Amino acid sequence: MKLILKAAASAIALAVSSGLHADVMPASQAQSAWFTDAQSKIAHKLEVNSKFKAKNVILFVGDGMGVSTLTASRILKGQMAGELGEEGYLAFEEFPHTALVKTYNVDAQTPDSAGTMTAMMSGLKTDVGVIGVDEDIERGNCATVAGNEVVTALELAEIKGLSTGIISTARITHATPAATYAKSADRNWEDDGDMPAEAIAAGCTDIASQLVNFESNLEARYTGIDVNGIEVVFGGGRRSFLPKDAAFNSPDAVSSVEGDRTDSRDLTAEWQTMYENGVYIYDQTGFDAIDPASTERVFGLFNESHMQYEADRANDVAGEPSVAEMTSKAIDILDNNDKGFFLMVESGRIDHGHHAGSAYNALTDTLAFEQAVKAAYDNTNPDETLILVTADHSHVFTIAGYPKRGNPILGKVVNVGSDEPATAADDMPYTTLGYTNGFGFQNLGNETDADAVYALTENTGRQDLTTVNTEATGYHQEALIPLGSETHAGEDISLHATGPGSQLVQGVVEQSVVFHLINQALDLVQE
């Protein structure tokens with residue numbers, strides 16, 4: 001009898017959730033309507049899963065966003081909303097398809113962003129520290145670049161006639177965004193001032209110059225093609241595009257001399273000359289003034305170096321858009337092309353928060369990244385757009401101890417059945433979150449810029465946290481091994497997908513498979 005009642009209750013609940021009024025319908029009619037509705041939903045899922053080709057692809061990369069970062073971020077998200085936290089999800093964790101991704105580089109067990117992003121962009125794994133080239137490269141040797149360049153998904157999208165865009169909260173010349181468009185023997189060659197004289201003499205060009213001259217470089221590389229260049233570039237890193245001369249400082253420059261270039265070139269001016277219908281912007285006001293319907297292309301450099309951490313964004317001198325705002329604006333511009341688009345969005349400062357030993361900054365930037373993914377999903381047609389959300393690597397970031405359900409994720413461990421912080425064998429409390437290595441403990445109070453820690457000295461090992469507010473924005477977690485910067489980790493990261501072709505995202509895959517997912521959805525290589 002209990003089983004019959006339970007089955008009946010379940011049927012009624014399902015009918016109500018489908019918009020049926022089971023309480024006023026005959027049982028047979030309610031069951032028939034529920035069956036029809038269920039079959040319709042199954043048919044829709046089968047139809048969606050039969051679609052492998054997309055009009056648009058958006059690749060989201062949370063730099064350094066390992067699985068422990070996702071778990072801690074979803075808990076923080078729930079707790080910020082007044083919930084226990086553990087039961088929630090980040091928006092992209094509810095995408096229908098998920099895989100684990102192996103991140104090693106050809107020459108490294110634990111990878112860097114240059115090698116990992118090159119793998120995702122080209123379908124070929126490569127070495128640490130090199131961009132847009134295969135494993136036959138010798139890092140730092142300009143002479144080994146020629147002949148070892150790889151073609152990227154963004155370049156192939158350009159050749160196919162799609163619109164293209166690059167967004168990063170880091171410098172736009174930093175490893176992850178650079179791997180979409182540049183070929184370099186060293187990820188650090190962001191401008192000519194970063195390059196050794198012999199590399200310049202040998203004919204290698206810096207990454208910033210390669211971005212501005214992307215169109216002509218691509219056409220020179222492949223005979224007979226005609227492309228129109230990248231339509232949207234949003235990020236930080238103005239210093240690599242401006243001469244080392246105070247006369248070229250932007251109105252919101254924070255350094256006495258903003259530019260780093262030693263060749264006297266103003267690449268922002270060169271870009272504007274090259275694209276007369278393009279718009280160059282550097283602050284929130286300029287960003288807000290962009291009309292997506294009438295804007296052909298835009299080049300936005302919102303900071304001298306990296307853009308602000310999300311928690312510190314309000315302190316920017318001239319204001320800068322959030323990663324969600326940049327994503328929405330980019331989509332509105334790129335979808336003016338009826339052929340479709342390819343967009344790469346990186347949240348680069350998740351990685352920087354971890355390097356600085358600040359879980360608070362890493363997690364809040366992850367939540368800002370989640371909003372960007374949500375904005376993309378809400379502003380695109382799910383039947384036409386493949387959205388991939390992944391990371392390039394993880395960090396040595398841990399969730400430890402035995403804290404009770406709902407215990408503040410940034411707080412000290414409080415065991416089940418207790419209201420007081422647990423103590424370790426040294427009779428001192430400890431936090432749930434911590435790092436295996438790095439700069440170590442700092443108590444900076446209400447500071448929202450994680451990088452403030454670099455003005456101090458390493459402080460690793462155990463600290464007495466009894467009177468310390470570990471939930472403060474400026475708290476930096478303890479670390480075991482002293483290093484000037486916390487390191488990446490080598491475990492697998494996750495890949496979440498929705499849209500046409502997302503059903504191929506499953507199992508444990510090599511990082512280079514990300515390129516092949518993009519390619520099969522857009523038929524890039526075939527073109």
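Not measured: the values here are computed from a predicted model.
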Undergrad: State the OG1-CZ distance between Thr164 and Phe341, to the nearest 0.5 angstrom.
TA: 11.0 Å

Undergrad: Looking at Phe287, is Lys329 sitting on its ring face, NZ or CZ under 6.0 Å from the six-membered ring centre and within 45 degrees of the normal?
TA: yes

Undergrad: For a ring pair (Phe, Tyr, Trp, His ring centres under 6.0 Å) with His496, tell me which candidate from Phe95, Phe92, Tyr89 qualifies.
TA: Phe92

Undergrad: Between Tyr475 and Leu410, is the side chain to side chain contact (heavy atoms under 4.5 Å, CB included) condition met? List the steps.
TA: CA-CA 9 Å; Tyr475 176 75; Leu410 293 168; over 6 Å; no

Undergrad: Could you please spell out the steps behind the salt bridge (Lys or Arg N to Asp or Glu O under 4.0 Å) verdict for Lys77 and Glu83?
TA: CA-CA 9 Å; Lys77 175 186 175 183; Glu83 301 165 355; over 6 Å; no

Undergrad: Salt-bridge test for Glu320 and Arg313: reply yes if a basic N is under 4.0 Å from a carboxylate O, no otherwise.
TA: no

Undergrad: Between Lys374 and Glu94, does at least one N-O distance fall below 4.0 Å, as a salt bridge requires?
TA: no

Undergrad: Assess whether a salt bridge exists between Arg349 and Glu310, defined as any Lys/Arg side-chain N lying under 4.0 Å from an Asp/Glu carboxylate O.
TA: no

Undergrad: Let me know which of Trp271, Phe299, Tyr280, Tyr282 forms a ring pair (Phe, Tyr, Trp, His ring centres under 6.0 Å) with Phe241.
TA: Phe299

Undergrad: So that I can tick it off, tell me whether Lys55 and Asp335 are bridged by a salt bridge, with the cut-off set at under 4.0 angstrom between side-chain N and carboxylate O.
TA: no

Undergrad: Could you check whether Asp523 pairs with Lys53 (Lys NZ or Arg NE/NH1/NH2 to Asp/Glu carboxylate O, under 4.0 Å)?
TA: yes

Undergrad: Taking only Lys NZ, Arg NE, NH1 and NH2, and the carboxylate oxygens of Asp or Glu, determine whether Lys125 and Glu135 approach each other closer than 4.0 Å.
TA: no

